[in-house]
Protein chains: 2
Amino acid sequence: MDEYQHTCMIRGDGGRAIRAILDRICDKWTMLIVATLDDGRMRFTELKEHIPGISQRMLTLTLRHLERDGLVSRTAYAEVPPRVEYELTALGKSLIPPALTLAGWAIEHNGEILASRETYAARQK
Amino acid sequence: MDEYQHTCMIRGDGGRAIRAILDRICDKWTMLIVATLDDGRMRFTELKEHIPGISQRMLTLTLRHLERDGLVSRTAYAEVPPRVEYELTALGKSLIPPALTLAGWAIEHNGEILASRETYAARQK
DNA sequence: CAGTATCCGGTAGGATACTG
DNA sequence: CAGTATCCTACCGGATACTG
């Protein structure tokens, strides 16, 4: 893509397109779950162990949303004790590269942002 | 970047890196303002007209955050009536390409996601 | 093990009114 | 014109307890 490639993609319909993804990936846990599942299929508890700080409730909720949106598939095995495995679908996997692009930006520019915050805070007093 | 380039960029420190950008760009208006300012420097009211639905309060707040983070520069002219212009900094501009990558993903896959939601909803009853 | 169900506090963000 | 200052509400997400 070249330099001036139309932010109309973003503003397009008054921002509905961008809002759509933001609503999908911008909550506290979605990206983390997707990134974790990129390692391969995983069980509920396993997932919970890989994502420090997540509550059972939010793990369940976020997985349901991802399942609903077709980013994650859920497979329940009729066993006792129950076993449920989650896996990224092709659609889910396709989100990884753009997410990494963004993560790359974050890591690359985090220093500048923190520096800017300090000078901003200094100017405030 | 190649296919398996480590989602550790995302999960890295328990998600602190990704959380950092998400906190920065994932609110309701940030991306829209940045995309709009990509057209060039703009005054407060002008910005408000280009972004349908935004309240005065949220425009001010979001601009302050962007200024604090060094993504947007604010220039106030000592005139009556006052004139204030906002402009993307180099750092702000650097966010556009990654944002477009994400927007591209959203547009490309939105159909699949909506379809998935419908079958999911159908299965629920 | 893999979830629900319930309660509850913090906060994002809208509406409205006022001001240098 | 370019903002503050308040008030108010919805809802995100944590903690905890219970269950097939």
Side-chain angles (χ1 to χ4, degrees), chain A residues 14-16 18-34 36-37 41-69 72-87 120 123-124, chain B residues 14-16 18-34 36-37 41-69 72-87 120 123-124:
Chain A
R16 233 162 292 173
I18 208 71
R19 199 68 49 74
I21 17 153
L22 292 186
D23 287 351
R24 204 160 295 122
I25 70 165
C26 280
D27 56 286
K28 201 167 174 187
W29 302 109
T30 297
M31 281 308 307
L32 239 35
I33 292 180
V34 170
T36 304
L37 280 176
R41 58 166 41 210
M42 222 171 274
R43 313 179 50 160
F44 187 86
T45 306
E46 209 173 345
L47 216 33
K48 190 158 157 39
E49 283 161 1
H50 276 78
I51 303 175
I54 195 168
S55 66
Q56 213 159 20
R57 180 185 130 92
M58 287 319 293
L59 181 54
T60 306
L61 263 176
T62 311
L63 283 170
R64 291 290 169 277
H65 289 149
L66 286 169
E67 196 195 348
R68 180 199 57 179
D69 291 351
V72 159
S73 68
R74 176 182 186 274
T75 315
Y77 297 88
E79 305 173 357
V80 178
R83 181 164 57 102
V84 178
E85 292 188 341
Y86 294 91
E87 189 178 16
Y120 185 87
R123 253 181 298 131
Q124 286 322 81
Chain B
R16 233 163 292 173
I18 209 71
R19 200 67 50 74
I21 18 155
L22 292 186
D23 286 352
R24 203 161 294 122
I25 70 166
C26 279
D27 57 285
K28 201 167 172 185
W29 302 108
T30 297
M31 280 308 307
L32 240 37
I33 292 181
V34 169
T36 303
L37 281 176
R41 57 166 43 210
M42 220 171 276
R43 315 179 48 161
F44 187 86
T45 306
E46 210 174 342
L47 215 34
K48 190 158 156 42
E49 282 161 2
H50 276 78
I51 302 175
I54 196 169
S55 67
Q56 212 158 19
R57 181 185 128 91
M58 287 319 294
L59 181 53
T60 305
L61 262 178
T62 311
L63 283 170
R64 289 293 169 278
H65 289 150
L66 287 168
E67 197 195 348
R68 180 199 56 181
D69 291 350
V72 159
S73 69
R74 176 182 185 274
T75 316
Y77 297 88
E79 307 172 358
V80 179
R83 182 163 56 101
V84 179
E85 291 187 341
Y86 293 91
E87 190 178 16
Y120 185 86
R123 252 181 298 132
Q124 286 322 81

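Because only heavy atoms are used, hydrogens play no part in the values below, and waters and symmetry mates are left out as well, while side chains stay in. Every chain is numbered from 1, with letters handed out A, B, ... down the list of sequences.
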Item to check | Under 4.0 angstrom between B/Ser55 side-chain N/O and C/dA15 OP1 or OP2 | outcome: no
Checklist entry - With respect to the side chain of A/Thr60, which nucleotide from C/dA2, D/dG13, C/dT4 is positioned closest? => result C/dT4
Checklist entry - Which whole-number value in Å describes the distance from B/Arg41 CZ to D/dA2 P? => result 13 Å
Item to check | Minimum heavy-atom distance A/Arg19-B/Lys28, with the two atoms named | outcome: NH2-O, 3.2 Å
Checklist entry - Is there side-chain contact between A/Met42 and A/His50, with heavy atoms separated by less than 4.5 Å? => result yes
Item to check | Side chain to side chain, B/His65 and B/Thr30, heavy atoms closer than 4.5 Å | outcome: no
Checklist outcome for this item: Quick note, A/Lys28 side chain, CB onward, closest among D/dG14, C/dG3, D/dA2 is D/dG14
Item to check | A/Arg41 atom CZ, neighbour heavy-atom count above 12 within 6.0 Å | outcome: yes
Next on the checklist: Under 4.0 Å, heavy atom to any atom of DNA chain C: which of residues 43-53 of chain A qualify?
Outcome noted: A/Arg43, A/Phe44, A/Thr45
Checklist entry - Would you say a side-chain N or O of B/Arg57 is under 4.0 Å from OP1 or OP2 of D/dC7? => result no
Next on the checklist: Mind checking if B/Glu79 touches a base, just sugar-phosphate, or nothing, with heavy atoms under 4.0 Å?
Outcome noted: nothing
Next on the checklist: Are A/Ile54 and A/Leu32 packed together at the side-chain level, in the sense that at least one heavy-atom pair is separated by less than 4.5 angstrom?
Outcome noted: no
Item to check | Nucleotide C/dA12, atom C1' - distance to CG of A/Asp23 in whole Å | outcome: 13 Å
Item to check | B/Arg83 CZ to D/dC1 P, straight-line distance once rounded to whole Å | outcome: 13 Å
Item to check | A/Arg74 side-chain N/O to C/dG3 phosphate OP1/OP2 under 4.0 Å | outcome: yes
Checklist entry - Starting at CD of B/Glu67 and ending at C1' of D/dA2, how long is that distance when rounded to a whole Å? => result 13 Å
Checklist outcome for this item: Correct closest heavy-atom pair for B/Asp27 and A/Leu22 would be O-CD1, 4.1 Å
Checklist entry - For B/Tyr77, is the NZ or CZ atom of B/Arg83 found under 6.0 angstrom from the centre of its six-membered ring and inside 45 degrees of the ring axis? => result yes
Checklist entry - Roughly how many Å is it from CD1 in B/Ile54 to P in C/dG14, rounded to a whole number? => result 8 Å
Item to check | Between C1' of C/dA5 and CD of A/Gln56, the distance in whole Å | outcome: 12 Å
Checklist entry - Separation of A/His65 atom NE2 from D/dC11 atom P, in whole Å? => result 12 Å
Checklist outcome for this item: Note: B/Met31 and B/Ile25 closest approach over all heavy atoms is CG-O, 3.8 Å
Checklist entry - To the nearest 10 degrees, what angle separates the axes at the start and end of the helix from C/dC1-D/dG20 to C/dG20-D/dC1, five pairs each? => result 50°
Next on the checklist: Taking any heavy-atom pair under 4.0 Å as a contact, classify A/Tyr86: base, sugar-phosphate, or nothing.
Outcome noted: sugar-phosphate
Item to check | For atom CD of A/Glu85 and atom P of C/dA2, their distance in whole Å | outcome: 9 Å
Checklist entry - Got a second to check how far A/Leu63's CG is from A/Met58's CE, nearest 0.5 Å? => result 10.5 Å
Checklist entry - How long is the gap from CD on A/Glu67 to OG1 on A/Thr62, to the nearest 0.5 Å? => result 12.5 Å
Item to check | Shortest side-chain distance from A/Trp29, nucleotide among D/dT4, D/dG14, D/dA2 | outcome: D/dG14
Item to check | Nearest-nucleotide comparison on DNA chain D, the residue closer to the 5′ end among B/Val84 and A/Cys26 | outcome: B/Val84
